[in-house]
S.K.: 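Structure incoming, see below.
Protein chains get the first letters and strands the later ones, always in sequence-line order, with residue 1 at the start of each. Keep in mind that this is a model prediction, so the values were computed, not measured.
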Protein chains: 2
Amino acid sequence: MNQFEQLKERLSEVGLKATQQRMVIFHSIMTSKNHPSAENIFEQVKSSNPSLSLATIYSTLETLVDKGLVKKVLVKDGVMRYDAHIGTHNHIYCTNTSEIIDFEDEELNQMIKKFLASKNIENLNIKDISLHIEGEKIDKRKSVKIN
Amino acid sequence: MNQFEQLKERLSEVGLKATQQRMVIFHSIMTSKNHPSAENIFEQVKSSNPSLSLATIYSTLETLVDKGLVKKVLVKDGVMRYDAHIGTHNHIYCTNTSEIIDFEDEELNQMIKKFLASKNIENLNIKDISLHIEGEKIDKRKSVKIN
DNA sequence: TCTTAATTAGGAATCATTCTTATTTAAAAA
DNA sequence: TTTTTAAATAAGAATGATTCCTAATTAAGA
Ligand SMILES: [Mn+2]
Ligand SMILES: [Mn+2]
Ligand SMILES: [Zn+2]
Ligand SMILES: [Zn+2]
């Protein structure tokens, strides 16, 4: 099964028609390393799909989020960002470059999850837990490294 | 020193003129239990201050955030919320009521801080760390309780 | 191939927030 | 206390991300 068929399958699995637009948009988010915004995806996609509209990007993103294929990532700059990495993980947001950097650490996830389980939280059905780290990149040209 | 004088002092401390508007707005956030939005504050304040404009609310909030007297709280509904509780603490966001509930736990804060210190993160000057818990309130009439 | 409900394109509308500018004011100086 | 003036505000306009509307298109099942 090629990549195209795999995308089709993932859409069908959640009960969505495998339209060209959805394939293209979903593929774009999946292959982006940048937690793209709707506008970013639009730019990325429009040269090879000139008739695809921005409204479709927004509505498709909403659909993919509803079906759990994509997650929204909040940042303080007023533009929603999207992430095809669905598993529990955390983010570093660089205020001076607008980068969102994945911070994956299973030990941290487990530690937080265990801690929260130990406090029982009444009358809440928890859907998502994530740690937000916000900071300034010191040298904008270099990347942030975690050891 | 009365409450009025205290507000005045806190503004002066950070080099801000103690204007009527700033006093009123700052006081409103401080006494709100609800992580209010700009609009919420405007509603709260306008009957006793009919000439205070929404633009002043926004610009004052920005100023207070800059000076570190107030923090922004992000949520997925497209409206910025504000918090006069400056110390490190975490938030629970109820997607079905839009409530933001404080989750204060010094043990958790320390645990996360210590963990992050142990991974050294290169080329980043960390400004803020916060854990976001998102979920649905089960019974909307009751409150979320943490034990 | 036909049918049809779901989806999309494109433009208009919304609405939270920011901007602009004339007017007002807090607070320092006289 | 009065004067001075840089900073702050009011009011409305502008912005921009997102959502809405509706006629045209299309995926997928019959
Ligand atoms: Mn967040
Ligand atoms: Mn907006
Ligand atoms: Zn991510
Ligand atoms: Zn809080």
S.K.: Each nucleotide N or O in nucleotides 23-29 of chain D that has a protein N or O under 3.5 Å away: list the pair and distance.
M.R.:
from	atom 1	to	atom 2	distance (Å)
dA28(D)	OP1	Ala18(A)	N	2.8

S.K.: For Ser37(B), is there any backbone N or O sitting under 3.5 Å from a side-chain donor or acceptor partner on Asn40(B)?
M.R.: yes

S.K.: Please list, by residue number, the residues of residues 27-50 of chain A whose heavy atoms come closer than 4.0 Å to an atom of DNA chain D; answer none if no residue qualifies.
M.R.: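 Heavy-atom contacts with DNA chain D come from no residue of residues 27-50 of chain A; none.
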
S.K.: Expected output is a numbered-order residue list: members of residues 51-59 of chain A with a heavy atom under 4.0 Å from any atom of DNA chain C. What is it?
M.R.: Ser51(A), Leu52(A), Ser53(A), Ala55(A), Thr56(A)

S.K.: Taking the nucleotide of DNA chain D with the closest heavy atom to each, which residue, Arg22(B) or Tyr82(A), is nearer the 5' end?
M.R.: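 On the 5' side of the pair lies Arg22(B).
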
S.K.: Does Asn125(B) reach the main-chain N or O of Ile138(A) with its side chain, forming a donor-acceptor pair under 3.5 Å?
M.R.: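 Absent.
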
S.K.: Output side-chain donor-acceptor pairs under 3.5 Å for residues 100-107 of chain B, partner residues at least two apart or in another chain, one line each.
M.R.:
from	atom 1	to	atom 2	distance (Å)
Asp102(B)	OD1	His35(B)	NE2	3.0
Asp102(B)	OD1	His89(B)	NE2	2.9
Asp102(B)	OD1	His91(B)	NE2	3.1
Glu104(B)	OE1	His85(B)	NE2	3.1
Glu104(B)	OE2	His85(B)	NE2	3.1
Asp105(B)	OD1	Glu107(B)	N	3.1
Asp105(B)	OD1	Leu108(B)	N	3.0
Asp105(B)	OD2	Lys119(A)	NZ	3.2
Glu106(B)	OE1	Asn109(B)	ND2	3.2
Glu106(B)	OE2	Gln110(B)	NE2	3.0

S.K.: Tell me the interatomic distance from Leu74(B), atom CG, to dT17(C), atom P, rounded to whole angstroms.
M.R.: 11 Å

S.K.: Please give the remaining members of the hydrophobic cluster of Ile86(A), linking ILVMFWY side chains under 4.5 Å, ordered by chain and number.
M.R.: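 None, because no other hydrophobic side chain comes under 4.5 Å of this residue.
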
S.K.: Quickly work out the Lys76(A) NZ to dT18(C) P distance and round it to whole Å.
M.R.: 13 Å

S.K.: Checking side-chain hydrogen bond (donor to acceptor under 3.5 Å, both in side chains) for the pair Asn123(B)/Asp139(A): CA distance, chi angles, key distance, verdict?
M.R.: CA-CA 6 Å; Asn123(B) 196 34; Asp139(A) 183 339; 5.7 Å; no

S.K.: Could you check whether atom CD of Gln3(A) has more than 12 heavy atoms from other residues, nucleotides or ligands sitting under 6.0 Å from it?
M.R.: no

S.K.: Whole Å only: how far is the CG atom of Leu11(A) from the P atom of dA6(C)?
M.R.: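 Those two atoms, CG and P, are 17 Å apart.
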
S.K.: Taking CZ from Phe26(A) and P from dT8(C), how many angstroms apart are they, rounded to a whole number?
M.R.: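 Rounded to whole Å, this separation is 14 Å.
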
S.K.: My understanding is that a hydrophobic cluster links ILVMFWY residues whose side chain heavy atoms are under 4.5 Å apart, including indirect links. Using that, what else belongs to the cluster containing Val79(A)?
M.R.: none

S.K.: Starting at atom CE of Met80(A), determine the distance to atom C1' of dT19(D), rounded to an integer number of angstrom.
M.R.: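 Result: 13 Å.
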
S.K.: So which atom in Ile25(B) and which in Leu52(B) form the shortest heavy-atom distance, rounded to 0.1 Å?
M.R.: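 Looks like CD1-CD2, 4.1 Å.
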
S.K.: State plainly whether one hydrophobic cluster holds both Ile92(A) and Leu74(A), where clusters connect Ile, Leu, Val, Met, Phe, Trp and Tyr through side-chain heavy atoms under 4.5 angstrom apart.
M.R.: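 No, no single cluster joins them.
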
S.K.: Whole-Å distance between dT19(D) C1' and Asp77(B) CG?
M.R.: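 Answer to the nearest Å: 15 Å.
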
S.K.: Considering residues, nucleotides and ligands other than Lys145(B), do more than 12 of their heavy atoms fall under 6.0 Å from its NZ?
M.R.: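 No, not enclosed.
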
S.K.: Within the supplied structure, the quantity of interest is the number of heavy atoms (other residues, nucleotides, ligands) at a distance under 6.0 Å from Lys127(A) NZ; does it exceed 12?
M.R.: yes

S.K.: Without decimals, in angstroms, what is the distance between Leu64(B) CG and dA8(D) P?
M.R.: 11 Å

S.K.: Could you state the CD-P distance from Glu62(B) to dT17(C), rounded to the nearest angstrom?
M.R.: 10 Å

